[in-house]
Student: 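Pasting a structure here, questions to come.
Reckoned from all heavy atoms, side chains included, excluding hydrogens, waters and symmetry mates.
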Protein chains: 2
Amino acid sequence: MSDAELDKTDRKILALLQDDARLTNNDIAERIHLSPSQCSRRRARLERDGLIAGYHARIDGEKAGFGLVNFISVTLSTHNRNNAARFAELMARLPEVQEAHALTGEMDYILRVVTRDLRGLSDFVNETLLPHEAVQNVKTSIVLQTLKDTSALPLDDS
Amino acid sequence: MSDAELDKTDRKILALLQDDARLTNNDIAERIHLSPSQCSRRRARLERDGLIAGYHARIDGEKAGFGLVNFISVTLSTHNRNNAARFAELMARLPEVQEAHALTGEMDYILRVVTRDLRGLSDFVNETLLPHEAVQNVKTSIVLQTLKDTSALPLDDS
DNA sequence: ATGAGCGGCGCAAGGTGTTTGCGTATTTGC
DNA sequence: GCAAATACGCAAACACCTTGCGCCGCTCAT
């Protein structure tokens, strides 16, 4: 199922559910001018084929007690497969790490990490990250203001 | 509604829905050992109070045709309120910008931007971002590998 | 040109899910 | 201790979802 096989109606379904996953098949069906049953089938296909990878509630971080969002750039001490695997394993074990990406550029990885406060950030960096034997260097930035924070793909919805 | 007023059951509801927003109130009710109607009421309260800020389908970027995830650091040309407002306005207008945060550190903003390919990235940087009068400097990194990519808050679920 | 096969579609029915009113139990504040 | 507020489960009415069926249109092979 590649891009070429998504028609305009599929895209519309994806965009609608990306925006509000609580829309009923009846709601969606009205907007795409199909019946609820056909809408249900198309949706099931998009799920089966992995276009829709999951459904999630977005929880308000501040209200839930997470005061800080941090971007942390990391350099590994030696670039070899063992260290990369060790680092990946570390990332998988830490629920406060929301994102971890290997990048082009001067730093090897960028992490997005949520903590309750500065103390939490300090602990994360000094007690968890820096002591890890694969980690050589760490640069931490704290988010001061968020202009936009979605995971939304630009699906050309309309 | 602060953190102190979320009990263990509320947290469990949040964690379950964060993980899978398609769980029915019946499913959730079983797991938190309440009735479906009480589960429904608690959920409604969490929504009303803004702890649950929304529900979204997660769309597979690659399958939907977005081959590149990019982190772009931006410096503004002059730090004043006008430029910051202009930049914020630009970010709001660009659906390919998923995230935009003002940060501590050497760069003013970090953006997460999805594009279909290198050409799309180049266009974004050279035709949209750099020509903007508020933008002075741009550093672009392309994601080579993603170890983790969630928006999940560590809610101490269990 | 024609017929077979396939995929998309809507209708309708049966099953599941949701919400709300009601009454009871528990907790909280004075 | 008492009254008020809150949390709870039950049950009923309504909404929603899925799937079998049949129809239609398109494509491909003969």
Side-chain angles (χ1 to χ4, degrees), chain A residues 1-60 62-65 152-153 155-158, chain B residues 1-60 62-65 152-153 155-158:
Chain A
M1 172 59 62
S2 71
D3 190 9
E5 284 160 63
L6 281 185
D7 69 13
K8 190 169 169 173
T9 302
D10 290 329
R11 285 178 180 286
K12 180 78 181 189
I13 293 171
L14 290 178
L16 288 169
L17 287 170
Q18 178 172 251
D19 190 51
D20 180 4
R22 271 213 123 176
L23 288 175
T24 65
N25 289 341
N26 292 346
D27 295 330
I28 299 168
E30 276 174 17
R31 298 187 198 193
I32 60 174
H33 310 297
L34 287 180
S35 67
S37 63
Q38 189 56 17
C39 175
S40 176
R41 290 194 187 99
R42 280 186 176 233
R43 183 179 183 168
R45 203 194 78 228
L46 292 169
E47 288 167 4
R48 194 173 56 239
D49 292 344
L51 268 293
I52 298 177
Y55 295 91
H56 307 280
R58 188 170 93 250
I59 313 297
D60 185 312
E62 294 235 28
K63 287 191 162 94
L153 297 168
L155 290 168
D156 304 326
D157 57 291
S158 68
Chain B
M1 170 61 59
S2 70
D3 192 11
E5 283 160 64
L6 280 185
D7 69 12
K8 190 169 169 172
T9 301
D10 290 329
R11 286 178 178 283
K12 180 77 182 188
I13 293 170
L14 291 177
L16 288 169
L17 287 170
Q18 178 172 249
D19 189 51
D20 181 4
R22 270 210 124 178
L23 288 175
T24 64
N25 290 340
N26 292 341
D27 294 331
I28 299 168
E30 276 174 19
R31 298 182 198 197
I32 61 175
H33 310 299
L34 287 180
S35 68
S37 61
Q38 188 56 17
C39 175
S40 176
R41 290 196 187 98
R42 280 190 178 228
R43 183 179 181 167
R45 203 193 77 229
L46 292 168
E47 289 168 3
R48 195 174 55 240
D49 292 345
L51 269 294
I52 298 177
Y55 295 91
H56 306 282
R58 188 171 93 250
I59 312 297
D60 185 311
E62 295 233 27
K63 287 192 162 91
L153 296 168
L155 291 169
D156 304 325
D157 59 288
S158 70

Student: Can you measure B:D7 atom CG to D:dT6 atom P for me and round it to whole angstrom units?
Tutor: 15 Å
Student: Would you mind reading off the distance between A:E47 atom CD and D:dC17 atom C1', rounded to a whole angstrom?
Tutor: 12 Å
Student: Taking the nucleotide of DNA chain D with the closest heavy atom to each, which residue, A:Q38 or A:D27, is nearer the 5' end?
Tutor: A:D27
Student: Taking the side chain as C-beta and beyond, is there a heavy-atom pair between A:L153 and A:Q18 under 4.5 Å?
Tutor: yes
Student: Within this structure, what is the CG-to-C1' distance between A:L17 and D:dC17, rounded to whole angstrom?
Tutor: 14 Å
Student: Of A:H33 and A:R22, whose closest DNA chain C nucleotide lies nearer the 5' terminus?
Tutor: A:H33
Student: Closer than 3.5 angstrom, by distance alone: can the side chain of A:D7 be matched with the main-chain N or O of A:T9 as a donor-acceptor pair?
Tutor: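 Yes, because the side chain of A:D7 sits within donor-acceptor range (under 3.5 Å) of the backbone of A:T9.
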Student: Expressed in angstrom and rounded to an integer, what is the separation of A:L34 atom CG from D:dC17 atom P?
Tutor: 15 Å
Student: For the base of C:dG10, is there a side-chain donor-acceptor partner from A:R41 under 3.5 Å away?
Tutor: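 Result: at least one qualifying N/O pair found.
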Student: Report yes if a donor N or O on one partner sits less than 3.5 Å from an acceptor N or O on the other, where the partners are the side chain of A:S37 and the base of C:dC11; otherwise report no.
Tutor: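 Yes, the side chain and the base share a sub-3.5 Å donor-acceptor pair.
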Student: Check this for me, if you would: do B:D10 and B:R45 make a salt bridge, where the nitrogen-to-carboxylate-oxygen distance has to be below 4.0 angstrom?
Tutor: yes
Student: Atom CZ of A:R45 to atom C1' of D:dT19: distance rounded to whole Å?
Tutor: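 After rounding, the reported distance stands at 18 Å.
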Student: Rounded to whole Å, how long is the line connecting atom CZ of A:R43 with atom P of D:dT19?
Tutor: 14 Å
Student: Out of curiosity, B:N25 CG to B:R43 CZ, how far, rounded to the nearest 0.5 Å?
Tutor: 5.0 Å
Student: Verify the contact: side-chain N or O of B:S35 to OP1 or OP2 of D:dC8, cut-off strictly under 4.0 Å; return yes or no.
Tutor: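 Looking at the OP1 and OP2 atoms of D:dC8, neither is under 4.0 Å from any side-chain N or O of B:S35.
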Student: Take the protein atom CG of B:D49 and the nucleotide atom C1' of D:dT6, then report the distance between them rounded to whole Å.
Tutor: 15 Å
Student: Quickly work out the A:N25 CG to C:dG17 P distance and round it to whole Å.
Tutor: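 The distance from CG of A:N25 to P of C:dG17 comes to 14 Å, rounded to the nearest Å.
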Student: Just compare D:dC17, C:dG17, D:dG9 and give me whichever is closest to any side-chain atom of B:N26.
Tutor: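 The answer is C:dG17.
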Student: Among D:dT18, D:dC8, C:dC9, which is the nearest nucleotide to the side chain of A:R42?
Tutor: C:dC9
Student: Calculate, to the nearest 0.5 Å, the distance between atoms CG and CG belonging to B:L14 and B:L6 respectively.
Tutor: 6.0 Å
Student: When you get a sec, tell me which of D:dC16, C:dG17, C:dG8 is the closest nucleotide to the side chain of A:T24?
Tutor: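 That would be D:dC16.
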